[in-house]
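Note that these values count all heavy atoms, side chains included, but never hydrogens, waters or copies made by symmetry.
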Amino acid sequence: MAEVTPLVQQLDRRYKTLQNQRSNWEQHWQQLADFMLPRKADIVKTRTAGDKRTELIFDGTAIHAVELLASSLHGMLTSPSTPWFSMRYRNPALQRDDAANEWLEISTDQMYQHFNRSNFQQEIHELYYDLVVFGTGSFYVSMEEEGLRFACRHIAEICISEDSQGRVDTIYRKFKLTARSIAMQFPDAEMPKKVAKDVENDPYKEHEVVHAVFPRAEATGAFAKNKPVASVYYMADGRELLSEGGFDEMPFMSPRFVKDSVSTYGRSPAMTALPDVKMLNKMSETTIKAAQKQIDPPLMVPDDGFLGTVRTSPGALNFFRSGTRDRLEPLQIGANNPLGLNMEEQRRGAIRQAFYVDQLLLGQGQNMTATEVLQRNEEKMRLLGPVLGRMQAELLQPLISRSFALLLRSGLLPPAPEELQGQDIDIEYVSPLAKAQKLTDLQAMLRGFEILLQVSQVAPVTDYLDGDKMVQYLVETAGLPARVIRGENEVAEIRQQQAEAAQQQQAMQEQMQSADAANKIAPFIKAAGSVPVENLE
C-alpha cells in the first residue's frame, strides 16, 4: 500500500486552505456559467454527462456576446492565420547582426510549425471562454512524444496562490482519472490498494487525484525532484503519494482578465453583465408568458351554462343550454407587450456594451468610409489595450518562454551558434491587436513627416532627421521580418562599395576630362611644333 508521507500531509493542508479561500468565488462562477456558459456549469452542482443545462436561459444575447468576445480575443491575440509573436535579442549589438537575427527567425518559424501541429488553437480558444466568463483561466504546457501539448483546465479544478509580487506561482489541481489511467500515468508508483483492485476488476472507475505545483525552496540539481518548480501527485481521499518530480519552468499559465489589488482570482466582463443578464432572462420569461396568454388566453366560462367539458381544440363543439345567453369569453389581461420589449432591448444593449459587441462588430449594416473604419479600429484597440497588457504578462510571455525552452531542450530547434549561448531573448508581440496599436504610432509619425515636408521650404528640417534611425523605427513598427531586412554590417559594406564605386566613377570622369582637354590642346601643339618648348613657356 502506498505511504502517506509528511510531504503529502503538508501539501494537503495547504490545498484545503486554498479551497476555503476560493469558496466564495464558486457560487459566483456557478451563476455565471448557468446563464452564459452552460456547458461548464458544473462547479458546485453535480451534473451527469450529457444532461440539458439551459433550463435557466430564456434569452441568448449573453451567450452570443461571450462567443463573440472570446473569438475576437483569439483572432486579435493568437490568430492561427497570422504571426502573433517574434523574438529579438536583448543585446543591441546582436540586434544588428544579420546572421544572429536569421537564426532567431528560423527558430520562431519552427515554433509556429510546432504550434500548428499541436492542439494549441483549440485549447487556447477554450481559455478565452474562461477568461471572458470566469475572469481566471488555467493553461498547461507540456512536451509529449508527439511534440508540444496544451490543455485548458476547468476553473472548478484549480486553486491558485500568488507570490509577493502578485504573480501566480502555486497551483493545485483536483481532477478525476480512471484506475487504468492512473496505472498508465504512474507506472513506477506504488498503487493504492483500492486503485490496484479497480485496475483488475473495474478499470474505468474514476478516482480523484490532486496535482500540486509550487516553487521549490532550494533547487539543488538537474534531477526532476530537485528542479526549481516542484510537482507532486497524490490521491485526494487516501492521500497516498503517486509521483514527485519537477519542472524547469512553471508549466501552468494563470491569466486573469482584470484583477483588483486585493483578490487572487480575476474578474470578467461576464461579472459586470451578470445583473443585466439575470434581469433580461426574467423579463424574457415574463414576456413569453404574457404573449402566450394573449395568443391562447384563459377563458371565462359560466359555471352551469355548458354541458360537458369545454373543448378548445380547432373544430371542437361545445354544447350549452338553450335559452341562455352565456358564452365563452377570453380573459383580457391588458398586457403591454411593446413596453416589455423596449425594456428587454435596453438590457440587451447594456450586455452588448459590457462585452464590447458594438466595437467588435464595427457597425455592421452601416455604410462606413475607410476613414471611419480606421477610427473605429483605433477605438477598439484603445478599449482592449489594458486587456492586451495583462494577457502579455500573464499568458503570452510565459507561454512562449516555456514552449521555446521545451523545444530547445528536446532538440527540435536548430542549435544556437556558440557566440549566442546564454544570450537573453525578448519577446515582441506582432498580433493583429499589437500591430493595430503600433499602427497608431506609425500614422502619427507619417503625419509628422507631412508637416515637416511643408516646413522644409522655409527651415532646414532635414538637419534634424536621422535617416538610419528613422528606417529602424519603421522596420520595428511595421514588424518586417529579418530575412527581408539587411543587417547594419551588410548595409555598411554596401555603402562602402557604393562610395568606392563613386570614387572610381569620379576618377574616370577626371581622366576623361583630362583626355578631352588634351585633345583640344593637341592642334595648338601641332601648329606650334617648330617653336621650341622653352619659348612656349
Side-chain angles (χ1 to χ4, degrees), residues 1-12 14-15 18-19 42 49 114 117-120 122-123 126-127 137-160 170-216 222-254 399 402-403 405-407 409-410 412:
M1 180 178 177
E3 180 183 1
V4 181
T5 64
L7 173 62
V8 173
Q9 293 178 351
Q10 182 185 46
L11 294 179
D12 198 58
R14 296 176 181 175
Y15 174 57
L18 293 179
Q19 274 189 315
D42 49 3
H114 286 284
R117 295 193 195 107
S118 69
N119 62 336
F120 173 74
Q122 56 264 36
E123 293 297 322
E126 194 66 23
L127 177 68
S138 181
F139 200 64
Y140 183 73
V141 183
S142 63
M143 176 63 72
E144 306 294 340
E145 293 182 359
E146 63 272 18
L148 289 175
R149 297 298 295 174
F150 304 89
C152 176
R153 303 304 188 189
H154 197 300
I155 190 65
E157 300 177 352
I158 299 298
C159 292
I160 63 176
T170 300
I171 293 181
Y172 283 75
R173 177 184 174 231
K174 185 178 181 180
F175 60 104
K176 292 182 179 181
L177 283 177
T178 61
R180 65 188 294 268
S181 297
I182 294 176
M184 294 171 62
Q185 186 170 345
F186 310 103
D188 300 330
E190 183 181 354
M191 286 292 105
K193 186 176 180 180
K194 58 182 178 181
V195 176
K197 182 180 179 180
D198 287 338
V199 170
E200 297 294 332
N201 302 325
D202 193 2
Y204 301 109
K205 184 178 180 180
E206 292 182 332
H207 298 266
E208 289 187 331
V209 177
V210 176
H211 183 199
V213 180
F214 54 95
R216 201 183 299 276
F223 295 103
K225 291 185 178 181
N226 301 322
K227 288 188 176 181
V229 181
S231 172
V232 179
Y233 289 89
Y234 65 91
M235 300 298 297
D237 49 0
R239 295 183 299 174
E240 296 97 342
L241 179 66
L242 293 176
S243 172
E244 182 180 358
F247 301 100
D248 294 288
E249 311 89 13
M250 170 59 76
F252 283 95
M253 287 88 241
S254 300
L399 166 66
R402 166 77 171 160
S403 302
L406 287 174
L407 293 172
R409 286 195 296 267
S410 301
L412 298 177

Asks: Is the CD atom of E200 crowded by more than 12 outside heavy atoms at less than 6.0 Å?
Replies: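 Count not over threshold, so no.
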Asks: Can you give me the closest heavy-atom contact between T170 and M250, atom names plus distance?
Replies: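 Between these two residues, the closest heavy atoms are N-CE, 4.4 Å.
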Asks: Applying side-chain hydrogen bond (donor to acceptor under 3.5 Å, both in side chains), name anything that partners R117, two or more places apart in sequence or on another chain.
Replies: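 R117: side-chain hydrogen bond (donor to acceptor under 3.5 Å, both in side chains) contacts with Q113.
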Asks: Shortest non-hydrogen contact from L148 to S118?
Replies: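 So the two residues come closest at O-CB, 3.2 Å.
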Asks: Rounded to the nearest 0.5 Å, what separates atom CG in L11 from atom CD in Q9?
Replies: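 Answer rounded to 0.5 Å: 10.5 Å.
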Asks: Check step by step if side chain to side chain contact (heavy atoms under 4.5 Å, CB included) holds for V141 and L406.
Replies: CA-CA 9 Å; V141 183; L406 287 174; 4.0 Å; yes
Asks: For a quick test of reading the model, state the closest non-hydrogen atom pair linking S254 to I171 and the distance between them.
Replies: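 Answer, listing the atom of S254 first, then I171: OG-CD1, 3.1 Å.
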Asks: Hydrogens and angles aside, do H114 and S403 bring a side-chain donor and acceptor to less than 3.5 Å of each other?
Replies: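 Short answer, no.
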Asks: So how far is it from E145 CD to S410 OG, rounded to the nearest 0.5 Å?
Replies: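 E145 CD to S410 OG: 11.5 Å, rounded to 0.5 Å.
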Asks: For residues Y15 and V210, determine if any side-chain heavy atom of one lies less than 4.5 Å from a side-chain heavy atom of the other.
Replies: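 Sidechains of V210 and Y15: in contact.
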Asks: Out of curiosity, L242 CG to Y234 OH, how far, rounded to the nearest 0.5 Å?
Replies: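 The CG atom of L242 sits 10.5 Å away from the OH atom of Y234.
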Asks: Write down the atom of A183, the atom of M191, and the distance for their closest heavy-atom approach.
Replies: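 So the two residues come closest at CA-SD, 4.2 Å.
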Asks: Are R409 and D248 ion-paired here, with the side-chain N under 4.0 Å from a carboxylate O?
Replies: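 Between D248 and R409 there is a salt bridge, with a charged N closer than 4.0 Å to a carboxylate O.
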Asks: Any heavy-atom pair between the side chains of L18 and I160 that's under 4.5 Å?
Replies: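 Not in contact.
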Asks: Just how far is it from atom CD1 of I158 to atom OH of Y140, taken to the nearest 0.5 Å?
Replies: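 I158 CD1 to Y140 OH: 11.0 Å, rounded to 0.5 Å.
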Asks: For F139, what residues pass the ring pair (Phe, Tyr, Trp, His ring centres under 6.0 Å) criterion, not counting sequence neighbours?
Replies: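 If we apply the ring pair (Phe, Tyr, Trp, His ring centres under 6.0 Å) test to F139, skipping adjacent residues, the hits are F150.
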Asks: So does E126 pair up with R153, basic N to acidic O under 4.0 Å?
Replies: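 No.
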Asks: Can you name the salt bridge (charged side-chain N to carboxylate O under 4.0 Å, His left out) partners of E157, sequence neighbours left out?
Replies: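 By the salt bridge (charged side-chain N to carboxylate O under 4.0 Å, His left out) rule, E157 matches R173.
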Asks: Do L127 and M253 have side chains that approach each other closer than 4.5 Å (heavy atoms only, starting at C-beta)?
Replies: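 Not in contact.
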Asks: Any donor and acceptor pair, going by atom type alone, linking the side chain of R216 with main-chain N or O of K227 inside 3.5 Å?
Replies: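 Yes; judged by distance alone, with no hydrogens or angles, the pair exists.
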Asks: Does H211 form a side chain to side chain contact (heavy atoms under 4.5 Å, CB included) with F175? I'd like the steps, not just the answer.
Replies: CA-CA 8 Å; H211 183 199; F175 60 104; 4.0 Å; yes
Asks: Specify the closest pair of heavy atoms between V213 and F252, including all atoms of both residues, with the distance to one decimal.
Replies: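 Minimum heavy-atom contact is CG2-CE1, 3.7 Å.
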Asks: Taking side chain as C-beta onward, heavy atoms only, is P251 less than 4.5 Å from R402?
Replies: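 SC-SC contact between P251 and R402 confirmed.
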Asks: Once you round to the nearest 0.5 Å, how far does CG of L177 lie from NZ of K205?
Replies: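 Separation between the atoms: 14.5 Å.
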Asks: When you look at F214 and V232, which way does the side chain to side chain contact (heavy atoms under 4.5 Å, CB included) test go after all the steps?
Replies: CA-CA 9 Å; F214 54 95; V232 179; 4.2 Å; yes
Asks: Could I get the full list of salt bridge (charged side-chain N to carboxylate O under 4.0 Å, His left out) partners for D198, not counting sequence neighbours?
Replies: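 For D198 there are no salt bridge (charged side-chain N to carboxylate O under 4.0 Å, His left out) partners, ignoring immediate neighbours.
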Asks: For K174, enumerate each residue passing the salt bridge (charged side-chain N to carboxylate O under 4.0 Å, His left out) test, keeping only those at least two apart in sequence or located in another chain.
Replies: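 Testing K174 for salt bridge (charged side-chain N to carboxylate O under 4.0 Å, His left out), a comparison that skips the adjacent residues, returns E208.
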Asks: Salt bridge (charged side-chain N to carboxylate O under 4.0 Å, His left out) with R180: which residues, sequence neighbours excluded?
Replies: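 Scan of R180 (salt bridge (charged side-chain N to carboxylate O under 4.0 Å, His left out), adjacent residues dropped) gives none.
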Asks: Test side chain to side chain contact (heavy atoms under 4.5 Å, CB included) on T5 and R239 and set out the steps.
Replies: CA-CA 8 Å; T5 64; R239 295 183 299 174; over 6 Å; no
Asks: Return the OG to CZ distance between S142 and F247, rounded to the nearest 0.5 Å.
Replies: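 Those atoms lie 8.0 Å apart.
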Asks: Ignoring hydrogens, what is the shortest heavy-atom contact between C152 and E123? Give both atom names and the distance.
Replies: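 That closest heavy-atom pairing would be N-OE1, 2.8 Å.
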